[in-house]
Number of protein chains: 2
Amino acid sequence: MTASASGPASNPTDPERDPNPAATTARTPKSERTREQIVAAALRLFREQGYQGTTMRAVAASAGVSVGNAYYYFSSKEELIQGFYDQMVTDQTAACVEVFAASTDFAARLRGALLAWLDAADPYHEFAGRFFATAAQPDNPLSPFSRASSPARDSSIALYRELIDGSSVTVGAELSATLPELLWLYQLGVVLYWVHDSSPGTTRTRLLIEHTVPMISRLVRLSRLPVIRPLSRQTAELVGLLRGR
Amino acid sequence: MTASASGPASNPTDPERDPNPAATTARTPKSERTREQIVAAALRLFREQGYQGTTMRAVAASAGVSVGNAYYYFSSKEELIQGFYDQMVTDQTAACVEVFAASTDFAARLRGALLAWLDAADPYHEFAGRFFATAAQPDNPLSPFSRASSPARDSSIALYRELIDGSSVTVGAELSATLPELLWLYQLGVVLYWVHDSSPGTTRTRLLIEHTVPMISRLVRLSRLPVIRPLSRQTAELVGLLRGR
DNA sequence: ACTGGGTTTCGAACACGTTCAAAACAACGG
DNA sequence: CCGTTGTTTTGAACGTGTTCGAAACCCAGT
């Protein structure tokens, strides 16, 4: 990690280099090919040698390009991780089609969605630690809250919207709008735990899911109770307040 | 960041170099002096130039030692951050003495404790991002959940125990044991938000506190209600289950 | 004083992420 | 074909975190 010479914010003019992040479509000519080769090589090496163990020189060599060329497409090593991120959302969404078709029970659907994420992420468990660490940095474009990852975030939230709407549960009016976002936050928490989970087969995380899903489900149902209603309202307000960074 | 040559776990035998982390006591001879000079220089530079902007060479020079010597005491640049961490807990605890003396109202005390943390951490806001990022790494000794930071964690949890016990609130039996730990987790969440908060004067974080403290307070009181009790119990169980990593 | 072993300090050397100026290539108008 | 202009590719060079073998220092035991 090299310091950025002078000021804090490095490049003053940033005229958007990235052509298009659309998944597999070959938008621009076949430079898209090179890009894919690089990200593929990176993910493979990350899986095999971990994040730290993978050098940019190795990625470039493995992709059959020069180091400089890798940097032409990805402005840093961290940015290569976006590939991983995208793949997670894609895989989870795909797996959820089946899950959602199987049951309308809220808890079952929530459980399924989380397990789907876990399955998709499993091969990258070791390297995910490094990933979420860098992603946790505020200014970092990879942060789950950042501008740059809003497409991934939005589609993840949309997934939870679908999870709720297709389920048999009735959500109180106050929470209805914000519940998907809350569930997304909950998933973030589970992921955070998973990252730290070194138990064989990530048993602990699965335990966490088995135990928390019923609690969430119960909470959602309770949210309509008169005693709880103010809390629901406050929660919804809070989310609204804190959003829009 | 250099790769660790061969396997994932680097050094096979790790015969504990660190003499003793006790705060300011000059335990071993006056090598302790050097250590302090280094950490002081580091914190100062971090504050002035940020984490990235501070080079190990600069830290060493500013402390009047050689680069190699700095590495004799701290095995990495990240490890220098422990100094920051320790200072936070110390400052917060000190400030809370006054806060706790001033009121027995649960919400007031909780609010005060959080604001105390905020005040202590404020000068390091920019650099805190980098800090928590690396701290978020599972294997990292700086992780708030790790073995290495258990003293800091324990004393933080103890602080919350005191906060509760000295307050006028009555906690349900099920939650009583685990509530301090839960509050510590809550604080972790606030800190996480603070790290990402770029509003002037960290207004947003203060808003978050003003809004969530009453909610927490309400939740704690509700925790004894018959409808909620099972949830409290489950929560307590969960914490017990997941602890003991 | 001298010796020997431990601790502390040094700074050159290394590996890696990143940058940059220039070369190679592609596309197109004459 | 030849220039011109824009895109892609290259690899040497730079700055930084980190390592390592050797020097300097300290201090008890003789």
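Chain identifiers are assigned alphabetically (A, B, ...) following the order of the sequence lines, protein sequences preceding nucleic acid strands; residue numbering begins at 1 within each chain.
In this entry the distance linking CD of Q49(B) with P of dG15(D) reads 17 Å, nearest Å. For Q52(A) and dG17(D), the CD to C1' distance is 11 Å, given to the nearest whole Å. One interatomic measurement links the two molecules: CD1 of I38(B) to C1' of dC10(C), which rounds to 13 Å at whole-angstrom precision. One atom, CZ of R33(B), and another, C1' of dT7(C), lie 19 Å apart when rounded to the nearest Å. Rounded to whole Å, atom P of dG17(C) lies 15 Å from atom CD of E79(A). In this structure, E32(B) places its CD atom 10 Å from P of dT8(C), rounding to the nearest Å.
A donor-acceptor pair is defined here as one N or O able to donate and one able to accept, closer than 3.5 Å; such a pair exists between the side chain of T212(A) and the backbone of L208(A). For D91(B) (side chain) and A120(B) (main-chain N/O), no donor-acceptor pair under 3.5 Å exists by modelled atom type. At distances below 3.5 Å, not a single donor-acceptor pair connects side-chain atoms of H211(A) with backbone N or O atoms of R206(A).
A close approach under 4.0 Å does occur between a side-chain nitrogen or oxygen of Y73(A) and OP1 or OP2 of dT9(D). For dT9(C), neither phosphate oxygen OP1 nor OP2 lies less than 4.0 angstrom from any side-chain nitrogen or oxygen of Y72(B). For the pair N69(A) and dT8(D), the criterion of a side-chain N or O lying under 4.0 Å from OP1 or OP2 is not met. Residue S31(B) places at least one side-chain N or O closer than 4.0 Å to OP1 or OP2 of dT8(C). Proximity of T34(A) to the phosphate of dT9(D): a side-chain N or O atom is located under 4.0 Å from OP1 or OP2.
Using a 4.0 Å heavy-atom criterion, one finds that V65(B) contacts the sugar-phosphate atoms exclusively.
Side chain of S66(B), nearest nucleotide from dT10(D), dT9(C), dG17(D): dT9(C). Of the candidates dT19(C), dG11(C), dG17(D), dG17(D) carries the atom nearest the Y71(B) side chain, counting heavy atoms from C-beta on. If you check dT9(C), dT8(D), dT18(C) against the side chain of M56(A), the one that comes closest is dT18(C). Listed nucleotides: dT8(C), dG17(D), dT9(D). Nearest to the side chain of K77(B): dG17(D).
Nearest approach of L114(B) to Y160(B), heavy atoms of both residues: CD2-OH, 3.8 Å.
Each of R57(A) and R57(B) was matched to the nucleotide of DNA chain D holding its nearest heavy atom; the match closer to the 5' end belongs to R57(A). Both V67(B) and G64(A) lie close to DNA chain D; mapped to their nearest nucleotides by heavy-atom distance, the more 5′-ward contact belongs to G64(A).
A cation-pi arrangement is absent between K77(B) and Y71(B), since the terminal nitrogen or guanidinium carbon is not both under 6.0 Å from the aromatic centre and inside a 45° cone about the axis.
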